[in-house]
Protein chains: 2
Amino acid sequence: MKSNKRILLVEDDPNFGRILKDYLTINNYDVSLAVNGIEGFEKFNRSDFDLCILDIMMPFKDGLTLAKEIREVNEEIPLIFLTAKNLKDDVLKGYKIGADDYLTKPFDSEILLAKIKSILNRKPNVNNDEVDIFEFKFGDFNFNSKLRILEYKDGDSYKLSPKENQLLKMLVLNFDDLLPRDIALNKIWRDANYFTSRSMDVYIAKLRKYLEKDNSLKIINVHGEGFRLMKE
Amino acid sequence: MKSNKRILLVEDDPNFGRILKDYLTINNYDVSLAVNGIEGFEKFNRSDFDLCILDIMMPFKDGLTLAKEIREVNEEIPLIFLTAKNLKDDVLKGYKIGADDYLTKPFDSEILLAKIKSILNRKPNVNNDEVDIFEFKFGDFNFNSKLRILEYKDGDSYKLSPKENQLLKMLVLNFDDLLPRDIALNKIWRDANYFTSRSMDVYIAKLRKYLEKDNSLKIINVHGEGFRLMKE
DNA sequence: AACTTTCTTAACGAAATGTTAATGTATTAT
DNA sequence: ATAATACATTAACATTTCGTTAAGAAAGTT
């Protein structure tokens, strides 16, 4: 399953912020709303966003200052500024910091959407330092997590579902080591509770079934802690 | 020495065009001015530009039509639209074609400059001088994506429509690897939503029909991710 | 204007995926 | 030993995604 793009929205007007957040959510973005620059910067640092929408006029820490701080940490992330007035000076400062776009309130929500799409589509982040490894070997299996294919030495192969795939990948990346339940749940299910935990058990069972071809491989449970993929 | 960035300016008002050209020239851009869409397209094809500024309202061929033509030839070049009116419909059409920005006349020249800088800076010249490959062989097919011809070894050949052609080209460029749905949709349809996705499926079906002559070739779906052209 | 090609949209069945429930087994604590 | 908690497995169900056909809209040609 494809995950939505994540937007950090920093807007001090709670009514407007709420409405805008809902509108973007309806249009399939995961939106995190902060009500001022300080909270905005904290949220920015706590997770990965694909785009930031910043109100310029805000108490405590205005949008331009926040933008500067964000730019120090991340040179790539697209920034869109919102402002009530069409203050030329602010606009110029914004572009200088590296704004990608600029909207004057009141603005048309459809146009904001179009801008967001345009910005997010134009480059699938050329600058991705971290190489995503997606080919693994363990036991008598080859595992391609990009194509979601698990292949046994005899040529048999299974198409993995997204969840199976993610879970197996995490197990393999922690081969012979503990994969803590919580970590896997929060990463794959984005929440750790009774139900997601049950669901994870179902998927562990599915993976065990795949892996039983190579009977030296085991997914061991560590009671109350998590699982461990190992070769005996 | 660093050479100036080259801008194609298409503007039918000769006075305004002249002034804008001079202003940009003073600010170290090499500007080529065309007075309508037809001349604009000719100039565009005659040399390499880094950015286009297009007036929307023009006689003979308007800016949006011109933009579409430019996009068919060059998917990367940034486009900035100018318009006298703030016509929402035009704005949205513009973004759909792949506009990078949008300015309503009268606008502030400094702001235009700032936008230009912002746009030109954000790709630290990924300057893809890379030759566009357009001749491919895969399975028992020869495929010329410039002529949009798919030819089977027995001499049979199909004329591909633009969309068929683009899609097949992306599949071939990712031969045996995943072509993510989103990437293809955003590149070919310039938007990823339910309808464009359905449309893409229709085109996948068409391509499968062409390819079934060589039954070792398959377009495999990776559920929720995309497609993979492979030879088994 | 008539014709052709291309593209989009609708409709709907099929397949894949994910969640929850139900039930049983293992582990731990007391 | 027994109760409580955690884990395992299967199956039923709901949801999402995909494949295909067909109708008709839009664009391009003759």
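To find a chain, count down the sequence lines: A is the first, B the second, and so on, and within it residues start at 1.
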Quick one: is Arg181(B) getting a side-chain N or O under 4.0 Å of the dT16(D) phosphate, OP1 or OP2? no
Separation of Leu207(A) atom CG from dT17(C) atom C1', in whole Å? 14 Å
Quick test of your reading of the model: are Asp201(B) and Arg208(B) salt-bridged, counting only N-O distances below 4.0 Å? no
Just N and O in the side chain of Ser197(A): are any of them under 4.0 Å from OP1 or OP2 of dA6(D)? no
Picking from dC18(D), dG18(C), dT8(C), which would you name as closest to the side chain of Pro162(A)? dG18(C)
State which of dT20(D), dT9(D), dC7(C) makes the closest approach to the side chain of Val202(B). dT20(D)
Value in whole Å for how far the P atom of dC7(C) lies from CG of Leu185(B): 15 Å
If you assign Leu160(B) and Thr196(B) each to the DNA chain C nucleotide with the nearest heavy atom, which residue ends up on the more 5' nucleotide? Leu160(B)
Nearest-neighbour nucleotide for the Lys163(A) side chain, dT9(D), dC7(C), dG18(C) considered: dG18(C)
State whether Ser199(B) places a side-chain N or O below 4.0 Å from either non-bridging phosphate oxygen (OP1 or OP2) of dT8(C). yes
d(CH2, Trp189(B); P, dT9(C)) in whole Å: 12 Å
Here the distance between atom P of dT5(D) and atom CG of Asn193(A), to the nearest Å, is 18 Å
The single option from Asn144(A), Leu211(A), Leu207(A) that satisfies side-chain contact (heavy atoms from CB on, under 4.5 Å) with Leu150(A) is Leu211(A)
Is it true that Asn193(A) and Thr196(A) share a donor-acceptor pair across their side chains at a distance under 3.5 Å? yes
Can you measure Tyr194(B) atom OH to dC18(D) atom P for me and round it to whole angstrom units? 11 Å
Residue whose closest nucleotide on DNA chain D lies nearer the 5' end, Ile204(B) versus Lys68(B): Ile204(B)
What orientation do Phe16(A) and Phe107(A) show, parallel under 30°, tilted 30 to 60°, or perpendicular over 60°? perpendicular
Closest nucleotide of DNA chain D for Gly224(A) versus for Lys209(B): which of these residues is on the 5' side? Gly224(A)
What's the closest nucleotide to the Asn221(B) side chain, out of dT9(C), dC18(D), dT17(C)? dC18(D)
May I ask you to evaluate whether Arg198(B) reaches the phosphate of dT20(D), defined as a side-chain N or O under 4.0 Å from OP1 or OP2? no
Please determine whether a side-chain nitrogen or oxygen atom of Arg208(B) lies at a distance below 4.0 Å from atom OP1 or OP2 of dG19(D). yes
Between CG of Asn165(A) and C1' of dA16(C) the distance, given in whole Å, is 14 Å
Rounded to whole Å, how long is the line connecting atom CG of Asp201(B) with atom C1' of dA11(C)? 14 Å
Pair Asp177(B) + Lys146(A): basic N to acidic O under 4.0 Å: yes
Are Asp176(A) and Arg228(A) within salt-bridge range, i.e. N to O under 4.0 Å? yes
With the side chain of His223(B) defined as its heavy atoms from C-beta on, choose the nearest nucleotide among dA16(C), dC7(C), dT9(D). dA16(C)
Both Ser161(B) and Glu164(A) contact DNA chain C. Which one's nearest nucleotide lies toward the 5' end? Ser161(B)
How long is the line joining CZ of Phe195(A) and C1' of dA6(D), in whole Å? 16 Å
